[in-house]
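Chain A is the first sequence line, chain B the second, and so forth, proteins listed ahead of strands; every chain is numbered from 1. The analysis underlying the following values was restricted to heavy atoms, covering all of them including side chains, and did not include hydrogens, waters or symmetry mates.
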Amino acid sequence: MKRKNPQPSSAAVRRAGQIFSRLEEAYPDAVTALSYSTPFELLVAVILSAQSTDQQVNKITEKLFKKYRTPQEFALLTADQLANDIKGCGLFRNKSKHLVETSRILVEQYGGEVPQDRESLMLLPGVGRKTANVVLGVVFGQATFPVDTHVHRLAHRLGLSSGKSPEQTELDLCALIPPEQWQRAHHQLIYHGRRVCDARKPKCPDCCVNDLCPSAKRSGEGNS
DNA sequence: AACTCGGGGCA
DNA sequence: TGCCCAGAGTT
């Protein structure tokens with residue numbers, strides 16, 4: 001039989017809670033939000049948000065959704081047409097192609113609706129595990145944790161996950177963080193990851209959770 | 001596993 | 001001014 005992810009100790013859960021309340025205190029404005037009014041609009045916004053900020057995406061979608069709002073409308077566009085409307089976020093040519101193809105699939109295979117399971121979402125062009133989890137969590141209220149490069153790196157450094165794979169990190173964080181805090185925790189990890197806990201040179205002296213971080217302790221022991 | 005896309009954020 | 005990506009697809 002299949003082994004489930006082992007239940008974390010209460011001490012581990014408590015430590016995770018400490019870390020996130022610190023981050024919450026340090027970055028009260030770290031949580032941004034993509035603006036949308038339908039599940040399809042959120043799906044579009046999340047696809048656009050790869051390698052781009054939410055603010056950047058909101059600027060684009062504010063205009064975009066006034067022209068096109070439904071998968072039926074997106075499905076009629078050529079990639080070049082749409083590219084012109086989403087210019088301003090990174091990787092826009094790829095995303096444009098993906099959005100048109102995804103819209104066609106939604107119309108042809110899902111009656112124009114956004115599927116609510118991860119397997120179906122991940123079959124859509126431009127939608128990987130991280131994007132699928134954001135959609136499931138934000139619009140369908142499902143228990144997921146979107147793991148991007150920052151989340152993966154920080155969870156490992158902070159001792160919240162073994163860091164073996166993004167999938168494992170996702171399981172570990174889901175077990176450690178109460179469902180209602182997942183979205184906020186996600187944004188705070190990203191914010192912290194960009195400004196303090198870099199991939200290359202983490203600024204441990206400036207870090208608000210350095211006393212709770214096994215990595216910071218290790219790197220601090222070598223010098224004195 | 002390494003490469004590509006691309007405008008923005010940040011030093 | 002230049003580096004590095006708030007990812008996912010392709011080779």
> For L121(A) and dG9(C), what is the distance between atoms CG and P respectively, to the nearest whole Å?
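Computing the L121(A):CG to dG9(C):P distance gives 12 Å.
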
> Within a reach of under 6.0 Å around CD of Q109(A), are more than 12 heavy atoms found that belong to other residues, nucleotides or ligands?
yes

> Taking atom P of dC5(C) as reference, at what distance in whole Å does atom OH of Y191(A) sit?
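From Y191(A) OH to dC5(C) P: 18 Å.
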
> For the NZ atom on K203(A), are there more than 12 heavy atoms of other groups (residues, nucleotides or ligands in this structure) within a distance under 6.0 Å?
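Yes, enclosed.
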
> Looking across every strand, which nucleic acid part, if any, lies under 4.0 Å from L124(A) by heavy atom: base, sugar-phosphate, or nothing?
sugar-phosphate

> Take atom CZ of R69(A) as the centre, draw a 6.0 Å sphere, and report whether it contains more than 12 heavy atoms from other residues, nucleotides or ligands.
no

> Here's one to test your reading of the geometry: is the NZ or CZ of R22(A) within 45 degrees of the ring axis of F20(A) and under 6.0 Å from its centre?
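That pair does not qualify as a cation-pi contact.
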
> Could you say whether H187(A) or H98(A) is positioned toward the 5' end of DNA chain C, judged by the nucleotide with the nearest heavy atom to each?
H187(A)

> Which whole number of Å gives the distance between the C1' atom of dG8(B) and that of dG9(C)?
22 Å

> Between dA8(C) and T131(A), is there an OP1 or OP2 to side-chain N/O distance shorter than 4.0 Å?
yes

> Measure from the side-chain heavy atoms of N94(A) and tell me the nearest of dC5(C), dG6(B), dA8(C).
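The answer is dG6(B).
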
> In whole angstrom, give me the gap between the P atoms of dG6(B) and dT11(C).
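Straight-line distance between the two P atoms is 16 Å.
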
> In chain order, what residues pass the side chain to side chain donor-acceptor pair (under 3.5 Å) check against S35(A), with sequence neighbours excluded?
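So S35(A) forms a side chain to side chain donor-acceptor pair (under 3.5 Å) with N58(A).
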
> Roughly how far apart are F145(A) CZ and L173(A) CG, rounded to 0.5 Å?
5.0 Å

> Would you mind reading off the distance between K95(A) atom NZ and dG9(C) atom P, rounded to a whole angstrom?
13 Å

> What's V127(A) touching, base or sugar-phosphate or nothing? Going by heavy atoms closer than 4.0 Å.
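Sugar-phosphate, no base atom in range.
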
> Say we look at dC5(B) and dT1(C): how far apart would their P atoms be, to the nearest angstrom?
23 Å

> Grab the CD1-P distance between I86(A) and dG6(B) for me, whole Å please.
9 Å

> Between dG6(B) atom C1' and I60(A) atom CD1, what is the distance in whole Å?
11 Å

> Can you measure R153(A) atom CZ to dC5(C) atom C1' for me and round it to whole angstrom units?
10 Å

> According to side-chain contact (heavy atoms from CB on, under 4.5 Å), who are the partners of S165(A), at least two apart in sequence or on a separate chain?
E167(A), Q168(A)

> Which atoms of nucleotides 7-11 of chain B (N or O only) lie under 3.5 Å from a protein N or O atom, and what are those distances?
unit_1	atom_1	unit_2	atom_2	d
dG7(B)	O3'	G88(A)	O	3.2
dC10(B)	OP1	R195(A)	NH2	2.8

